Amino acid sequence: MSAAAEPGILLRLAGPLQSWGERSHFNERDTALFPTRSGVIGLLAAALGRRRGESLDDLTRLSITVRTDRPGVLLRDLHTVGGGLPAKATVTTAEGKKRSGDTGTLLTHRSYLADAAFTLALTADDTGLLTDAAAALASPHWPPYLGRRSCPPEGPFLLGHFDDVLHHLVHLPIASPPPAHDTRGIEFLSDRPLDHLPAPEGSTRPDTETGAHPAGEVNDQPLTFHPRHRAYRARPLYRRTLHLPAHQHTGLGTDHLRTLTAYLNEHLNQPEGSPR
C-alpha cells in the first residue's frame with residue numbers, strides 16, 4: 001500500500017564533525033549515531049530566533065525521518081577546561097564554590113561522528129509551520145550547527161520544500177561511493193512507523209524489518225531547553241533498511257554536488273534552492 005504524498009522540508013546534515021548528545025553527563029559527552037530529535041528541534045529553534053526558555057510546543061509536532069547516507073566514524077577527543085585561569089575564573093563546583101590549585105583544570109572526553117552525512121525529512125500537518133521553518137532555515141537568526149557549536153554544517157544545508165518529501169528522501173542522490181555490488185543497505189530512522197515509506201521495487205528483503213513497529217526508545221523528545229531546567233522524555237524509534245540502486249550513490253565532493261544540484265533543479269518547488 002503506497003502512502004499519500006506529504007509536503008515537507010529536506011535538510012542535508014554533513015560536515016567534518018557532528019555530535020548529537022544522547023546521555024551526556026558532566027565530563028563525559030557522548031554522541032548518538034544519528035541526529036536526535038532534540039538536536040534537530042534545537043537547530044530549528046535557533047534558526048527561528050527562539051531563546052532557550054521559550055515554548056517548543058509547535059516544533060515538537062514536527063516529525064523527523066533520517067536517511068543515513070554515511071554513518072561516519074566515531075571519534076573520541078580529550079578536552080581540557082579551565083586551565084591557566086585564576087581561581088575566580090575556573091569552573092564552578094556543584095556547591096557553587098571555585099576550584100583551587102591543580103583541580104582548576106578539568107579533563108573531559110567528547111565524542112563526535114567524523115565525516116558523517118544524513119538527509120532529513122521534516123513533515124507536519126501544519127503547512128504554516130513548515131513554511132516558517134523553511135524560511136528560518138534559509139535565513140537563520142542564529143547559525144545552525146550539528147549538535148555542538150564547534151560543528152558547523154557544510155553546504156548545501158537546506159535542500160528545499162517538496163510536495164512529496166518522503167519520495168525524494170528515498171530517491172535523492174546519496175553522498176557515498178558506489179558500492180561494489182548492485183545495492184547497499186541504507187538505514188532510515190524515524191519517530192513514526194516506516195512501513196509506508198515509498199520503497200522502490202527491489203529495495204526490500206524478505207528477512208528485513210518493515211519498520212512498522214518500534215525498534216526501541218530514545219530519550220530525545222525535548223520539553224524545554226531552559227538552561228537550568230532542561231527536560232526530555234522518551235519516544236519510540238523506528239528503523240528500516242532499504243537496498244537502493246548503486247547508481248544512486250554518486251560519490252563524494254564535487255561529483256556528488258553536481259548530481260545533487262541536477263536533481264534539485266529538476267524536482268525542487270523553489271528552484272533557487274538553498275542559499276548555503
Side-chain angles (χ1 to χ4, degrees), residues 1-14 18 32-37 40 62-73 113 115-124 156 158-216 218 235-253 255-269:
M1 178 180 176
S2 60
E6 288 184 80
I9 301 166
L10 282 182
L11 292 180
R12 179 177 175 269
L13 302 187
Q18 307 186 31
L33 300 179
F34 54 88
T36 57
R37 273 188 63 81
V40 175
L62 286 164
S63 179
I64 302 170
T65 303
V66 179
R67 187 185 78 178
T68 303
D69 292 7
R70 291 197 312 274
V73 177
L113 296 178
D115 196 34
F118 304 93
T119 305
L120 272 64
L122 308 180
T123 56
L158 171 63
L159 299 183
H161 198 158
F162 296 82
D163 291 330
D164 191 354
V165 71
L166 294 181
H167 170 85
H168 294 293
L169 179 67
V170 171
H171 289 87
L172 199 75
I174 299 168
S176 66
H181 304 292
D182 290 340
T183 61
R184 174 183 294 171
I186 294 293
E187 186 173 49
F188 293 78
L189 307 106
S190 186
D191 45 40
R192 62 175 183 164
L194 288 168
D195 52 333
H196 293 308
L197 196 68
E201 185 177 355
S203 64
T204 60
R205 299 287 187 269
D207 58 342
T208 57
E209 295 292 335
T210 64
H213 305 288
V218 191
R235 54 92 178 179
L237 174 66
Y238 295 85
R239 295 178 181 267
R240 187 177 184 186
T241 298
L242 296 181
H243 294 264
L244 300 177
H247 66 76
Q248 203 172 326
H249 299 260
T250 55
L252 305 174
D255 289 340
H256 171 69
L257 293 179
R258 288 193 193 99
T259 311
L260 179 61
T261 300
Y263 185 99
L264 295 177
N265 287 340
E266 181 179 357
H267 298 287
L268 190 60
N269 289 352

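When a residue number appears, it is its place in the shown sequence, counting from 1. This is a predicted model, so every value here is computed, not measured.
Panel note: side chain Arg37, backbone Leu62; a donor-acceptor pair is recorded below 3.5 Å. One N or O on the side chain of Arg67 and one on the backbone of Leu172 form a donor-acceptor pair closer than 3.5 Å.
Considering all non-hydrogen atoms of both residues, Pro7 and His161 come closest at CB-NE2, 4.4 Å. Considering every non-hydrogen atom in both Arg240 and Thr210, the closest pair reads CD-O, 3.2 Å. Looking at every heavy atom in both residues, Pro200 comes nearest to Leu242 through CD-CD1, 4.4 Å. Closest of all the heavy-atom pairs between Glu6 and Leu166 is OE2-CD1, 3.6 Å. Across Ser176 and Leu252, no two heavy atoms sit closer than the pair CA-CD2, 4.0 Å. Of all the heavy atoms in Thr123 and Gly8, the pair that sits closest is CG2-CA, 4.4 Å.
For Phe162 and His167, the ring centers are positioned 6.0 Å apart or more.
Taking the side chain as every heavy atom from C-beta outward, Leu237 and Leu189 approach each other to under 4.5 Å. Annotation: side chain of Leu260 is not in contact with side chain of Thr250 (no heavy-atom distance under 4.5 Å). The side-chain heavy atoms of Leu257 and Pro156, taken from C-beta on, include a pair separated by under 4.5 Å. The closest side-chain heavy-atom distance from Val40 to Val66 is not below 4.5 Å.
One finds the CD1 atom of Ile64 at 10.5 Å from the CZ atom of Phe34 (value rounded to the nearest 0.5 Å). Taken to the nearest 0.5 Å, the CZ atom of Arg70 stands 12.0 Å off from the NE2 atom of His249. Rounding to the nearest 0.5 Å places OH of Tyr238 at 9.0 Å from CG of Asp195. The line from OG1 of Thr204 to CD of Glu201 is 9.5 Å long, rounded to the nearest 0.5 Å. Separation of atoms CG (Leu33) and OG1 (Thr36) is listed at 11.5 Å; rounding is to 0.5 Å. Here the OG1-CD1 distance, from Thr241 to Ile186, works out to 9.0 Å after rounding to the nearest 0.5 Å.
With Phe118 as the partner, the side chain to side chain contact (heavy atoms under 4.5 Å, CB included) test is satisfied by one option alone out of Asp69, Thr68, Leu11: Thr68.
Residues that satisfy the salt bridge (Lys or Arg N to Asp or Glu O under 4.0 Å) test with Arg239, not counting sequence neighbours, are Glu187.
Side-chain contact of His171 with Tyr263: a donor-acceptor pair under 3.5 Å is absent, judged by distance alone. Judged by distance alone, the side chains of Asp191 and Ser63 do bring a donor and an acceptor atom under 3.5 Å apart.
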